Amino acid sequence: MASPDPRRSWALSFALLLGAYAAGVGAVLFAPEGSPVATFWPASAFTVPALALATRRRWVLLVPAVFLVSVATNLTGGRAVEVSLGFGLANTAEGVVAALVLTAGLTRPPRLSSQEDVLRLLATAAAGAAVIGLIAATTVELAGTGTFLTTLRSTAASHAAALVTLLPVALLVGQKVGRWTAEHSAQLMMLVALTLLIFAPSGTLIIALPPLVALTWGALRLGIRVLSFELAGFALVVSLLNAQGRGPFAIATNGGAEDVLAAGAATQLFLLCAAVITLPLAVAALQSEVLLDRVRADELIFRRNFTESLVGMVFLAVEEVPASPDGDDDEVGLDLRIVDLNDTAVEILGGDRQHLVDASLLDLVELDDDFGEALEGTLAGERDGWQADVPLIGSRAGHVTMALSRLSEVSDEPLLAAQLLDVTSEHEARRSLEIAERLTSTTLDTAACIIMVTGLDGTVLRVNKATSEITGYPASHLIGRPVWELGLVPADAEDIAALLMWPNRSGVPVAREADALTRSGEKLRIVWNTNIVHDDQGASAFAVMTGIDVTAERATAGLVNHLMEASFTTALVGVDTGGRISVVNSGTEHLLGFDRHELVGTPFVDLLKSSELLERTGADSPEEAFAILVRGLGHDGETKARDWTWVNKDGADQLVSMTLSVSQDDLAARSGYLCVARDVSEQRHSQEMLIAALDKERTAVERLRALDQAKNEFVSTVSHELRTPVTSIVGYVEMLRDGEVAEPLPAQVPLLDTIDRNGQRLISMINDLLMLSGFDSDNVQWRHDPVDLVETLRPVEDAVRPLLRDRDLKLIIRPPGRPVRVTGDRAQLERVMINLLSNAVKFTEDGGEVELLLTEERGEAVLKVSDTGIGIPIDEQDELFQRFFRASTAQHRQIQGTGLGLSIVAAIVQGHGGRIEVDSAHLQGSTFTVRIPLARLHRLTHSA
């Protein structure tokens, strides 16, 4: 239980009332002659704390006591009864009002430890002075012993000065007294000397400010308690000396009653100013000292936390360093220099403190690429900090969790704090755990059987990859559900349920075979093996259910039986290692005419024609021949299919295609041989007929190839022969148009233009035919020069631009931002672009758009020419690149052309190892895409 505050005791309250009586009697006795009021009233500094320090319940007794003490004080001082009663009422009202103001909003006794407390003290003095000034002035005015204004001014000043200079002493009761030092003595001597120097003389008028120097010294250096006592003593001494007519304020008056009151009021105002100046300074000094002690304590705590922390603490300074090693680069980077670190950080980073201080943290830990951005954000105040697990790269290997934050927010040189937590052991343990988990997961996922881990209640906890692959159920569908609801384990599997209900049984696994339904409804035959897994303490942890899909094995066994019994023409003969027949199928019976029991147990070589067997193997006996046969099975364990002659039951020859293979058991041991034979008598006869037919067809193909060659030579010859006369015709027409022979008539000019236009078309067609003939020849030679397709775009555009004259078409060329290099013939590659763009312009109506786009995709140069023209029907696109083919849309619209341009493009692209594609539809525009491999060096550079 907390002890009661001594400042709220009855003893202190009565002591203050006695002090108020004594101080009031003294003030009345020392009041100037003829003055209705005292010039200094220290009694108010006793009555106000008597009420302020007491609880409200005591006011019932204290308020009347204050009134009685005030009346008794004035009566003792010789004042009239009515004046004493009025002054008693005034003093009581002052005490109540001042105490209420002083304690307003407080739950504890008032103190003087902050500037708010100083303001509260001044408000208390102002309120008390106003109340007593009004009541005292009214009392004097009614009694006829003085004037209202003079009394108001003198009383208010004296009481305000008394409260401000003397009340702090009462408010500081109970605080510890500091040790008396030489500075205290020096300051006190200075205050006494200056006070006596200024206020003791009675014949010299000097200023009253020098004592404030000593009081300010005390306020700033000696504390609020010393200042409060010195201020109280100073006020009493100055008031007494002024009452005796000494000091600058008394000397300035003429000695009259009103002058004496004026001098007293001026003295009290001076004291009030001295208190107002020094008290805030003392409180500020006290707050600074408290704050400094708190900072020192926090620094001590921080230093202890820093040095004794189990977490590595590092202080870092951010420095700018050149981004390049030689320091010539204009760009700068950021470096983190270690300013200080604790012992834990030294142990974590390795080495010693001397070498670590001023070292770069970036040389001790390996930071990822995102750290630079995080550091800039932290320095800019955009983020609180950065944290990550990083490896050590200094003298000590390991891993730490590093948390970086900024300490200073406004400093020009930011200081960072890094916390290091050694997680090497945890990292290694986590790594080992991850390896073990990875090994477990790999083992489970590589197992080609169903593996389900369940809890002891049958809830599926984990499944392997094969479970989903075999059953079709995703892991999310199986995990978390009871195994009985999945349709994989039979609901009546009582032995498995018993194992889960009594997991501490003998430990013998439960095995059973049952059907399971997959997600698609397929039925599988599963062999289940279930057992309980125990933890380190031997307690049951969970169950592991392993299911092997034997559907194929069961189906295979049935299929084998079916195959052996099925009626078909292929003979299957099983032979043991001794060369005797162990099993035959029905096909063997049908092929040879023997019954099965007649063949089983007989030598296998008896089925083959003896002379042929001995001739092919070079053996002297059938037994040796069989050994040679099985010895030649080779690494594959199977002979190639070969025609052999078998002997049937009637002794007739039967031509069969036979293979002999090794039959092995699970341990790869040779357990016998399997002979597969098929009757090929009719097939061989058919093959002979087919060979004869193929010979005839080959002869026809050779004749067609010769005919095609002759056609190509004819086209080439005709083209050569036509180009000379056509060129002459075009030349003579040009001469006629130019008027070199005779000026043509106006009616003849259109005719000459028609002849020239058609002649140019013939020349173009002849050149195309010659070019295609050259492509068809075996000795065509393609140039293999390095070509930058970007550089060819400008000549191509210049060649196509004339086609746009008098046309309302938009041509867009979209080059890439970097070179596109291929190996080939630049002129031919330009021809590809020109032909594609010319076709696009030709087959696009006015108002449309033609676009050429050049890009790179996956090691290929991609050229796309698209238009918004009439398009190509889908069913005609297969013939698009054949010679002389023209789409129906072009024919219907009577668009001129030879049908050779795209065949030339296809031949050039194919000669460069590329391919061409078309994407079009009727009236939907067309897009031709050419893909040519990039030059090898360019591909390597681009991929790097």
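All figures in this text were calculated on a predicted structure; none of them were measured in a lab.
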Peer 1: Taking the side chain as everything from C-beta on, heavy atoms only, tell me whether Leu367 gets closer than 4.5 Å to Met402.
Peer 2: yes
Peer 1: What are the two closest non-hydrogen atoms of Asp335 and Ser360, and how far apart are they?
Peer 2: OD1-OG, 2.6 Å
Peer 1: Might you point out which heavy atoms bring Arg396 and Asp422 nearest each other, and give the distance in Å?
Peer 2: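 So the minimum-distance heavy-atom pair works out to NH2-OD2, 2.7 Å.
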Peer 1: When you measure from the side chain of Asp343 to the backbone N and O of Val346, does any donor-acceptor pair fall under 3.5 Å?
Peer 2: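 Looks like no, no N/O pair under 3.5 Å.
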Peer 1: Going through the distances and angles, do Arg221 and Thr181 end up as a side chain to side chain donor-acceptor pair (under 3.5 Å)?
Peer 2: CA-CA 11 Å; Arg221 295 284 301 165; Thr181 63; over 6 Å; no
Peer 1: Distance check, rounded to the nearest 0.5 Å: Leu356 atom CG versus Ile348 atom CD1?
Peer 2: 11.5 Å
Peer 1: Is the backbone of Gly480 close enough, under 3.5 Å, to the side chain of Thr459 for a donor and an acceptor to pair up by distance?
Peer 2: no
Peer 1: Any chance you could measure Ile451, atom CD1, to Asn464, atom CG, to the nearest 0.5 Å?
Peer 2: 4.5 Å
Peer 1: Considering non-hydrogen atoms only, spot the tightest contact between Thr424 and Gly398 and give its length.
Peer 2: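 The pair with the smallest heavy-atom distance is OG1-CA, 3.4 Å.
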Peer 1: Find the distance between CZ (Arg120) and OG1 (Thr103) and round it off to the nearest 0.5 Å.
Peer 2: 7.5 Å
Peer 1: Of all heavy-atom pairs between Ala475 and Ser468, which one has the smallest distance, and what is that distance?
Peer 2: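 Where Ala475 meets Ser468 most closely, the heavy atoms are N-OG, 3.5 Å.
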Peer 1: Quick one, Asp340 with Arg353, criterion salt bridge (charged side-chain N to carboxylate O under 4.0 Å, His left out). Give me CA distance, side-chain angles, the key distance, then yes/no.
Peer 2: CA-CA 9 Å; Asp340 194 6; Arg353 181 183 299 275; 3.5 Å; yes
Peer 1: To the closest 0.5 Å, what do you measure between CG (Leu461) and CE (Met452)?
Peer 2: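 With rounding to 0.5 Å, CG (Leu461) is 11.0 Å from CE (Met452).
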Peer 1: Do Met313 and Thr344 come close enough that some side-chain heavy atom pair is under 4.5 Å?
Peer 2: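 Met313 does not reach Thr344 side chain to side chain.
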Peer 1: If I compare all heavy atoms of Leu478 with all of Val460, which pair ends up nearest, and what's the gap?
Peer 2: O-CB, 3.4 Å
Peer 1: Any idea how His427 and His399 line up, ring-wise: parallel (<30°), tilted (30 to 60°), or perpendicular (>60°)?
Peer 2: parallel
Peer 1: Examine distances only and state if a side-chain atom of Asp788 and a backbone atom of Pro819 form a donor-acceptor pair shorter than 3.5 Å.
Peer 2: no
Peer 1: Near Arg814 CZ, under 6.0 Å, is it more than 12 heavy atoms from other residues, nucleotides or ligands?
Peer 2: no
Peer 1: Name the one of Leu349, Val311, Leu341 that satisfies side-chain contact (heavy atoms from CB on, under 4.5 Å) with Leu420?
Peer 2: Leu349
Peer 1: Tell me, do Asp389 and Arg430 make a side-chain contact under 4.5 Å, heavy atoms counted?
Peer 2: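 In short, these two side chains touch, coming nearer than 4.5 Å.
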Peer 1: Are side-chain heavy atoms of Leu416 and Leu375 found at a separation under 4.5 Å?
Peer 2: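 Heavy-atom side-chain distance check passes, below 4.5 Å.
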Peer 1: Supply the atom-to-atom distance Asp363 CG to Ile338 CD1, rounded to the nearest 0.5 angstrom.
Peer 2: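 Nearest 0.5 Å value for the CG-CD1 distance: 9.5 Å.
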Peer 1: Taking side chain as C-beta onward, heavy atoms only, is Arg56 less than 4.5 Å from Leu100?
Peer 2: yes
Peer 1: Which pair of heavy atoms, one from Leu316 and one from Leu415, lies closest together, and at what distance?
Peer 2: O-CD1, 3.1 Å
Peer 1: Between Leu364 and Leu392, is there a side-chain heavy-atom distance shorter than 4.5 Å?
Peer 2: no
Peer 1: When you compare the side chain of Val390 with that of Phe371, does any pair of heavy atoms fall below 4.5 Å?
Peer 2: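 In short, these two side chains do not touch, never coming nearer than 4.5 Å.
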Peer 1: CD/Glu347 to CG/Asp352 distance, rounded to the nearest 0.5 angstrom?
Peer 2: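 It is 13.5 Å, given to the nearest 0.5 Å.
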Peer 1: Any donor and acceptor pair, going by atom type alone, linking the side chain of Gln115 with main-chain N or O of Pro280 inside 3.5 Å?
Peer 2: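 Answer holds: yes.
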